[in-house]
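Read the structure below first, then the notes.
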Amino acid sequence: MIDENAQAFGSADAKTIVEALWSSWPIVVTLCAADVAMDDSPERHIDFIKALQELGDSGLITFEAFIVGPGGPQMIDAALTARGRALLGPGVDAAEIIRQLAN
């Protein structure tokens, strides 16, 4: 599980998504690919979806619904989980902490 957390948070895209969710905490938000500058191509939409899936599968974020439509992918009522807030707090080097926990 710890390796999954490190992998989920390893990409710049995931970090951008987490920062966007932290900036709105504790209010849930609808997060679109455009909100995190990932809307310039279909490939970037796929990157957005992959990052959300990895963060969600590792229990770091939660969302009520995920919609893909003409306007691109959207995560409805998204927020960091308690686990995500603990591991990925502002100013925390989450990747380093996760590696330390794995040892």
Side-chain angles (χ1 to χ4, degrees):
M1 179 65 88
I2 290 173
D3 290 335
E4 289 176 16
N5 292 336
Q7 180 181 355
F9 195 69
S11 75
D13 293 337
K15 291 176 185 176
T16 302
I17 291 168
V18 167
E19 288 171 5
L21 294 176
W22 260 117
S23 70
S24 67
W25 177 255
I27 298 173
V28 297
V29 296
T30 295
L31 192 65
C32 305
D35 297 334
V36 289
M38 296 179 71
D39 65 334
D40 53 354
S41 70
E43 291 79 20
R44 292 300 287 150
H45 283 175
I46 292 169
D47 293 340
F48 179 73
I49 294 167
K50 286 180 181 178
L52 295 178
Q53 183 177 8
E54 289 175 353
L55 289 166
D57 287 352
S58 62
L60 302 175
I61 65 169
T62 185
F63 46 92
E64 192 66 32
F66 183 76
I67 300 170
V68 178
Q74 297 181 52
M75 185 171 51
I76 308 298
D77 290 347
L80 292 167
T81 62
R83 174 189 186 88
R85 291 188 312 275
L87 289 174
L88 309 174
V92 172
D93 183 0
E96 180 60 29
I97 289 173
I98 292 168
R99 278 195 225 47
Q100 289 176 1
L101 290 172
N103 294 326

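Distance check: Ser58 OG to Gln53 CD gives 10.5 Å after rounding to the nearest 0.5 Å. Atom CD1 of Ile76 is separated from atom SG of Cys32 by 7.0 Å, given to the nearest 0.5 angstrom.
Between the side chain of Thr62 and the backbone N or O of Thr81, no donor-acceptor pair lies under 3.5 Å. For the pair Asp57 (side chain) and Glu54 (backbone), a donor-acceptor distance under 3.5 Å is absent. The main-chain N or O of Leu80 is found under 3.5 Å from a side-chain atom of Arg85 such that the two form a donor-acceptor pair.
Following chains of ILVMFWY side-chain contacts shorter than 4.5 Å, one cannot reach Leu55 starting from Val28, and the two form parts of different hydrophobic clusters. Taken together through direct or relayed side-chain contacts under 4.5 Å among Ile, Leu, Val, Met, Phe, Trp and Tyr, Ile46 and Val36 form parts of separate hydrophobic clusters. Both Leu21 and Ile49 belong to a common hydrophobic cluster when Ile, Leu, Val, Met, Phe, Trp and Tyr are linked at side-chain heavy-atom distances under 4.5 angstrom.
Here the shortest heavy-atom pairing between His45 and Met38 reads CD2-O, 3.4 Å.
When the options Thr16, Asp13, Ile17 are evaluated for a side chain to side chain contact (heavy atoms under 4.5 Å, CB included) with Phe48, the one that passes is Ile17.
Residues Met75 and Ile61 meet the side-chain proximity criterion, which asks for heavy atoms closer than 4.5 Å. For the pair Arg83 and Leu60, the minimum side-chain heavy-atom distance is below 4.5 Å. Contact check for Gln74 versus Leu31: no side-chain heavy atoms found under the 4.5 Å cut-off.
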Q: Under the side-chain contact (heavy atoms from CB on, under 4.5 Å) rule, what do Leu52 and Phe66 come out as? Steps first, then yes or no, please.
A: CA-CA 10 Å; Leu52 295 178; Phe66 183 76; 3.2 Å; yes
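Ion pairing of Asp47 with Lys50 is absent here, as no side-chain N (NZ or NE/NH1/NH2) approaches a carboxylate O to less than 4.0 Å.
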